[in-house]
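The structure under discussion appears below in the form of structure tokens.
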Amino acid sequence: MRLRVLGACGAWPQAGQACSGYLLEHDGFRLVVDLGYATVPQLLRHVCAEQVDAVFVSHGHPDHCADLNPLLRARALRDDPPPPLPVYALPGALDAVLALDRPGMLAGAYELREVTDGGAFDVGPFRASTRLLPHSVPNAGVRLTAGGRTLVYTGDSGPSPDVVELARGADVLLAEATHVDEVPEGSRRHLSSARQAGRQAAAADVGRLVLTHLWPGTDPAAARAAAGAGYDGEVAVATTDLVLDLR
């Protein structure tokens, strides 16, 4: 399994960067997880739009799903459109982004497949299982296994025992860490810090922790240090074009 980071900025993309978006590849199958602002230009540097096999979206905030629209346009508005793209998301999560164009314009470009809390399903060679994790809107963390390796992605999530259970024993935990240390009081139920991500990675006994969704301007070294205070394993910070091979 190979993970390529398309973007990892929280809230809005910094210059030359993109918001949350990740390309997972295994046995020739290409799964995109989240498509936040500015991720499609990054994606198209590596694959053509018609080569994407499936999309999973954690939740409906635009820094995680806005670029689903240009991806669907790139598939639909061509002389030889590919088959509908399977798009996995919670019920209603994509209503806003799918309504950006005139009714019916993109209808043949995608096939919406709703996921549920605790659901398990196959996406090509990937075995996926989901769990609702705390955020300001419904958010599905996902556990993806292929080739004997497992990656867990939190989407955006406040600290929760459910994060630890979803990530238990995973090879890689790709964890939202918007803040380095202290999460502002109004967001403590909905977002996490790098320090909290480190503690949860240790509790879940994961092989590697990758911090993502850092607030623009955050010092990556400070985030790594905060996470490492509670976790002895390898800590990385997701940036555009970071590639990890899970072997």
How would you list all residue pairs meeting salt bridge (Lys or Arg N to Asp or Glu O under 4.0 Å) that involve [range], not counting sequence neighbours?
range            : result
residues 89-105  : Arg73-Asp101
residues 154-175 : Arg131-Asp162, Glu165-Arg168
residues 10-31   : Glu25-Arg30
residues 236-246 : Arg2-Asp245, Arg45-Asp241, Asp245-Arg247

Just by distance, with hydrogens left out, do Gln17 and Thr240 show a side-chain donor and acceptor under 3.5 Å apart? yes
Pair Thr116, Glu114: side-chain N/O donor-acceptor within cut-off below 3.5 Å: no
Holding to ring pair (Phe, Tyr, Trp, His ring centres under 6.0 Å), I want the full list of residues that pass it with Tyr88, two or more places apart in sequence or in another chain. Phe121
With a cut-off of 6.0 Å (strictly less than), are more than 12 heavy atoms of other residues, nucleotides or ligands near CG of Asp80? yes
Would you say [Y] ends up clustered with [X] if hydrophobic residues are merged whenever their side chains have heavy atoms under 4.5 Å apart, either directly or through other cluster members?
X      : Y      : answer
Leu244 : Leu174 : yes
Val152 : Leu31  : no
Leu44  : Leu72  : yes

Show your reasoning for whether side-chain hydrogen bond (donor to acceptor under 3.5 Å, both in side chains) applies to Glu185 and Ser187. CA-CA 5 Å; Glu185 184 174 355; Ser187 299; over 6 Å; no
By salt bridge (Lys or Arg N to Asp or Glu O under 4.0 Å), which residues pair with [X], not counting sequence neighbours?
X      : value
Asp181 : Arg195
Arg208 : Glu234
Arg127 : Asp122
Arg113 : Glu111

Holding to side-chain hydrogen bond (donor to acceptor under 3.5 Å, both in side chains), I want the full list of residues that pass it with [X], two or more places apart in sequence or in another chain.
X      : value
Ser193 : Gln196
Asp67  : none
Thr212 : Tyr22

Looking at His190, His64, His213, which one forms a ring pair (Phe, Tyr, Trp, His ring centres under 6.0 Å) with His59? His64
Quick one: pull up CG in Leu71 and CG in Leu43 and give me the separation to the nearest 0.5 Å. 6.5 Å
Knowing that exactly one of Leu151, Leu242, Leu23 qualifies, which makes a side chain to side chain contact (heavy atoms under 4.5 Å, CB included) with Leu3? Leu151
Looking only at non-hydrogen atoms, find the nearest pair between Leu166 and Gly141 and report the distance. CD2-C, 3.6 Å
Non-hydrogen atoms of Leu6 and Ala18 that approach each other most closely: O-CB, 3.7 Å
